[in-house]
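Have a look at the structure below, then the notes.
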There are 2 protein chains.
Amino acid sequence: MSKKKTGVTITDVARLAGVSTATAGRVLGDYGYSSREKREKVLSAAQALGYRPNLLARSLITGRTKTIGVVAGDIQSPFYASILRGISNVAERNDFGLIITNSDENIEHEIRSVRLLLEKQVDGMIVSPCDPEGGEHLVSVVAAGIPIVQIDRQVHSLGADFVGVDNKQGAHDAVARLLAQGHRRIGMIGELGYGDWSIEEFFALASAPSYASDSLYPSWQRLHGYVEAHREAGVPLDPMLIGRSRSYSAQGAQHQVE
Amino acid sequence: MSKKKTGVTITDVARLAGVSTATAGRVLGDYGYSSREKREKVLSAAQALGYRPNLLARSLITGRTKTIGVVAGDIQSPFYASILRGISNVAERNDFGLIITNSDENIEHEIRSVRLLLEKQVDGMIVSPCDPEGGEHLVSVVAAGIPIVQIDRQVHSLGADFVGVDNKQGAHDAVARLLAQGHRRIGMIGELGYGDWSIEEFFALASAPSYASDSLYPSWQRLHGYVEAHREAGVPLDPMLIGRSRSYSAQGAQHQVE
DNA sequence: CTGTTAGCGCCTTCAA
DNA sequence: TTGAAGGCGCTAACAG
């Protein structure tokens with residue numbers, strides 16, 4: 001009949017148990033002291049009433065939400081899905097909640113997501129920044145004292161932790177091995193979607209021994225490794241051997257092959 | 001230097017704007033009346049201080065969190081990933097947050113997840129119940145006035161909304177078409193992992209025209225469709241044509257073929 | 001060890 | 001249209 005949300009509060013439990021709300025809070029929240037006797041009274045009262053703590057109220061006071069926010073590129077991609085699964089496992093093991101958002105590699109979506117997470121008072125964020133250059137919104141987050149861990153890509157100027165793949169080194173090692181085996185025409189298909197250069201231009205840039213690709217997108221970092229391996233082996237580069245799929249998809253790659 | 005979280009509150013904004021917290025709240029929360037003049041004062045004060053509303057505090061009062069909780073089987077599976085993506089899109093469009101959890105098709109995980117979501121005061125839940133029979137934990141949720149939408153599988157006794165595939169009909173139609181084309185030995189590989197019957201036993205059960213498979217796991221529902229199509233066509237069933245992969249994986253299916 | 005008193009940040013009556 | 005006062009559910013300081 002009644003349509004109101006029940007909302008059994010700590011006060012209800014305290015009353016039924018015949019103690020103060022403070023004492024009830026101490027046993028239900030598992031902090032501070034409490035005698036065996038009172039403890040049992042409170043627990044059974046809570047049980048009887050079907051009490052569930054209101055984590056919002058608790059967080060409002062403690063300042064901690066036991067929630068971490070994630071800004072992924074696209075939940076649906078196997079890459080992010082597997083990462084999310086790992087994050088989720090660890091979070092659950094530690095009784096943390098997870099608020100997950102997609103950026104679709106779009107900076108405005110990312111900013112929106114970050115704002116939402118901030119307002120929901122997450123304790124920390126895991127972000128895959130879609131633009132290695134522009135990260136003012138992230139700066140304001142760390143400034144607010146909320147830790148950020150970056151995934152896959154990083155905003156260097158942020159100085160926040162980063163978990164990812166050493167793209168340049170990986171590609172370098174793979175290509176170097178092929179070159180060592182005597183191969184000379186090594187093809188590579190990469191996403192290489194964003195970036196202001198043609199392959200020729202990038203080859204020129206990346207051939208400088210001091211070139212740093214750390215702040216580029218992953219596929220360009222890998223191409224840099226490709227270039228370095230060639231330079232070290234003294235093998236000339238041929239732009240015709242590089243395919244730009246412009247998307248991370250099998251179709252895109254297939255298209256480059258044909 | 002200071003390590004404290006800044007925490008610009010509505011009070012700070014009100015003071016700077018020279019109005020009461022009530023007025024500041026009205027413009028920042030976009031409710032109630034406010035004069036153009038005050039409104040602008042408040043907004044620029046908020047801007048200057050970098051004010052961000054504390055959604056926890058707001059939710060504590062309003063009783064609504066603009067958050068919906070999801071209990072998926074496994075984020076990482078393409079099936080759930082695509083569903084989550086859709087949910088996420090709609091949620092974002094409506095300024096809702098999403099708390100996502102995995103059940104791993106394990107009832108205890110599911111119960112844990114549901115409890116967490118309840119305590120975080122989600123406004124509603126989307127659940128893929130791992131046991132079509134046992135759903136007491138879900139009953140208590142709807143009893144608390146929190147709407148549930150079920151995905152893929154449903155607890156019938158719950159009487160909650162359900163979104164899914166008509167497994168029986170789909171399998172029935174596919175098999176019926178093959179039979180109509182004259183084929184007689186039609187194989188089927190299904191997960192068929194849970195369930196107390198052997199294939200022979202299930203054939204016997206499902207051959208009854210009145211048999212209802214609604215509360216079974218999806219793969220059994222599909223097998224029911226297979227059986228019905230055969231019955232309607234008067235084609236005898238052969239248990240040897242059914243493979244039980246016992247998992248939703250390519251490997252499992254492949255193994256049945258060999 | 002326990003109860004009382006204050007709030008957390010915000011919204012919501014209710015007067016003015 | 002505005003402000004003052006009260007309270008959401010809970011925890012953090014005190015005294016006792």
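A note on names: the letters A, B, ... follow the listed sequences, proteins ahead of strands, and every chain is numbered from 1.
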Can you see if the side chain of [X] gets near the phosphate of [N] - specifically, an N or O under 4.0 Å from OP1 or OP2?
{"X": "B/T9", "N": "C/dG9", "result": "no"}
{"X": "B/S34", "N": "D/dT1", "result": "no"}
{"X": "B/Y51", "N": "C/dC10", "result": "yes"}
{"X": "A/Y31", "N": "D/dT11", "result": "yes"}
{"X": "A/S35", "N": "C/dT2", "result": "yes"}

Any idea which of [options] is nearest the [X] side chain?
{"X": "B/I61", "options": "C/dT12, D/dC10, D/dG3", "result": "C/dT12"}
{"X": "A/Y33", "options": "C/dT2, D/dG3, D/dT2", "result": "C/dT2"}
{"X": "B/N54", "options": "C/dG9, D/dG9, D/dT2", "result": "C/dG9"}
{"X": "A/P53", "options": "D/dC10, D/dA12, C/dT12", "result": "D/dC10"}
{"X": "B/A22", "options": "D/dA4, C/dG3, C/dC10", "result": "D/dA4"}
{"X": "B/T23", "options": "C/dT2, D/dT2, D/dT11", "result": "D/dT2"}

Next item on the list: Assess whether salt bridge (Lys or Arg N to Asp or Glu O under 4.0 Å) is satisfied between A/D104 and B/R85, documenting all intermediate values.
Entry: CA-CA 11 Å; A/D104 284 316; B/R85 193 46 164 79; 2.3 Å; yes
Notebook entry, point to check: B/H137 versus B/E110: any side-chain heavy-atom pair under 4.5 Å?
Noted result: yes
Margin query: Keeping B/S103 on the side-chain end and B/H109 on the backbone end, is there a donor-acceptor pair under 3.5 Å?
Written below: no
Note to self: Rounded at 0.5 Å granularity, tell me how far OH in A/Y51 sits from CG in A/D12.
What the structure shows: 9.5 Å
Notebook entry, point to check: Roughly how many Å is it from NZ in B/K38 to C1' in D/dG3, rounded to a whole number?
Noted result: 10 Å
Notebook entry, point to check: Just checking B/L60: base, sugar-phosphate only, or nothing, at a heavy-atom cut-off of under 4.0 Å?
Noted result: base
Note to self: What I want to check is whether an N or O donor and acceptor connect the side chain of A/R26 with the base of C/dG3 at under 3.5 Å.
What the structure shows: yes
